[in-house]
Amino acid sequence: MSNSSSITQFLLLLFTDTRELQVLHFWLFLGIYLAALLGNGLIITTIAWDQHLHTPMYFFLLNLSLLDLGSISTTVPKTMANSLWDSRNISYTGCAAQLFFLFVFCATAEYFLLTIMSYDRYVAICKPLHYGTLLGSRACVHMAAAVWVTGFLNALLHTANTFSLPLCKDNVLGQFFCEIPEILKLSCSHSYLRELGLIVFSGSLAFICCVFILLSYVQIFRAVLRIPSEQGRHKAFSTCPPHLAVICLFASTSFFAHLKPPSISSPSLDLVVSVVYSLIPPTLNPLIYSLRNKEVKDALRKLMVGCISKIIKCSSSSLLQITALM
């Protein structure tokens with residue numbers, strides 16, 4: 001038996017004890033991580049570079065990519081390091097930081113941001129004449145700031161409350177990253193009920209966000225169906241499928257991970273589900289938006305062409321200088 005003051009590190013769950021499979025996991029996670037970095041980095045760079053994408057929808061998309069980058073960077077590098085070095089240790093401070101940032105990016109801020117993005121689509125389609133008033137640049141900045149501040153405060157509250165609990169059991173976590181339910185399992189104090197209450201409150205907020213998103217899209221569907229021309233309906237609804245896909249991917253995986261019935265729970269299933277909801281959304285979100293959004297694809301193509309042209313121009317200039325010196 002021990003208490004939280006004597007715990008200096010936690011032991012994370014290993015995917016496998018076989019050394020060859022650990023190396024394979026390292027390369028697999030490295031590929032996923034690089035894909036997420038590349039995809040989200042390209043979206044951030046493209047939106048920041050192209051003036052035509054300086055609109056509320058793409059401003060919120062840029063924030064979503066920032067959240068996705070932070071989310072996947074919280075868990076994957078440590079997992080890769082543990083797989084590469086055949087280790088399962090994470091420091092007490094590192095565990096607290098991982099829980100804090102993961103909770104900010106995955107549990108709170110992204111739900112609020114996806115809700116705001118659904119409101120953006122609702123105003124654009126159902127109240128287009130008021131779009132500039134309701135979603136002006138100042139309003140967008142204020143909403144984005146509210147998302148980040150609310151996520152920060154909520155994560156700070158949960159992290160401080162969780163790590164203030166006396167931990168009098170083992171330091172072994174049944175997950176490959178630090179999360180609140182696994183920390184609560186190590187506590188033998190009834191004070192953990194306070195954190196469970198906070199989790200229920202946060203879950204209720206997430207449920208309210210989902211209801212708001214659902215109601216927004218019901219209104220969007222009704223407005224689109226009233227448009228007489230098929231071309232007009234397609235144009236009005238063209239930006240909605242990517243957003244709906246991102247919402248369904250994030251909400252379904254996270255809700256299933258935390259609300260699945262105990263009867264179907266098992267260590268292997270919990271591990272697979274955790275990998276899906278923590279890695280797949282940040283990796284696929286850029287693909288969903290870039291492959292289904294013509295404006296993003298066109299801007300990305302222009303950015304690539306511009307970069308290649310500059311590289312060729314710089315290379316030609318360098319060759320000319322070398323030739324002149326010879």
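What you see below is based on every heavy atom in this structure, not just the backbone, and it leaves out hydrogens, waters and symmetry mates.
Cys95 has its side chain within reach of Phe163: a pair of non-hydrogen atoms, C-beta onward, lies under 4.5 Å apart. Between Thr79 and His25, every side-chain heavy-atom pair lies at or beyond the 4.5 Å cut-off. Put simply, the side chain of Met143 does not reach to within 4.5 Å of the side chain of Asn63, judged on heavy atoms. You'll find the side chain of Val211 stays beyond 4.5 Å of the side chain of Leu214, heavy atoms only. Using a 4.5 Å cut-off on side-chain heavy atoms (C-beta onward), Glu110 and Asp68 make contact. Thr46 is not listed as a side-chain neighbour of Tyr58, based on a closest heavy-atom distance of 4.5 Å or more. Side-chain contact between Ile90 and Cys178: present, with at least one pair of heavy atoms (C-beta onward) separated by less than 4.5 Å. Contact annotation: the side chain of Trp148 approaches that of Leu66 to within less than 4.5 Å [non-hydrogen atoms, C-beta and beyond].
Evaluation of the side-chain contact (heavy atoms from CB on, under 4.5 Å) rule for Ile32 yields Leu28, Ile72, Leu279, Thr283 as partners, not counting sequence neighbours. Every residue meeting the side-chain contact (heavy atoms from CB on, under 4.5 Å) condition with Thr18, not counting sequence neighbours, appears here in chain and number order: Thr16, Glu20, Leu21. In this view, Tyr33 satisfies the ring pair (Phe, Tyr, Trp, His ring centres under 6.0 Å) rule with no residue, not counting sequence neighbours.
Smallest separation of non-hydrogen atoms from Asp50 and Ala299: OD2-CB, 3.2 Å. Of all the heavy atoms in Ser91 and Phe10, the pair that sits closest is O-CD1, 4.4 Å. Considering every non-hydrogen atom in both Ile44 and Ser65, the closest pair reads CG1-CB, 3.7 Å. Shortest non-hydrogen contact noted between Leu69 and Ala36 is CD2-O, 4.0 Å. When every heavy atom of Ile125 is checked against every heavy atom of Ala223, the shortest pair comes out as CG2-CB, 4.2 Å. Closest approach of Gln219 to Tyr122, counting heavy atoms only: CB-CE1, 3.7 Å.
Leu64 CG to Ile116 CD1: the interatomic distance, rounded to the nearest 0.5 Å, is 11.5 Å. Residue Gln9 holds its CD atom at 4.0 Å from CG of Asn89, rounded to the nearest 0.5 Å. Between atom OG1 of residue Thr115 and atom CD1 of residue Ile213 there is a gap of 4.0 Å, rounded to the nearest 0.5 Å. Here the OG1-CG distance, from Thr150 to Leu113, works out to 11.5 Å after rounding to the nearest 0.5 Å.
Checked by atom type and distance alone, the side chain of Arg88 never pairs as donor or acceptor with a backbone atom of Leu13 at under 3.5 Å. No side-chain donor-acceptor contact under 3.5 Å links Thr162 to the backbone of Thr159. Side chain of Asn161 to main chain of Leu157: no donor-acceptor pair is present (N/O by atom type, distance under 3.5 Å, no hydrogens or angles).
Other residues, nucleotides and ligands contribute at most 12 non-hydrogen atoms within 6.0 Å of the CZ atom of Arg138. Heavy-atom contacts from other residues, nucleotides or ligands closer than 6.0 Å to NE2 of His52 number 12 or fewer.
Aromatic ring centroids of Phe60 and Tyr119 lie 6.0 Å or more apart.
Relative orientation of the Phe152 and Phe100 rings is perpendicular, given thresholds of 30° and 60° on the angle between their planes. Between Phe176 and Phe15, the ring planes lie tilted relative to each other; the angle falls in the 30° to 60° range. Between Tyr217 and Phe221, the ring planes are tilted. Angles from 30° to 60° get that label.
Looking at Thr74, Asn82, Val76 one by one, the single match for side chain to side chain contact (heavy atoms under 4.5 Å, CB included) with Lys78 turns out to be Asn82.
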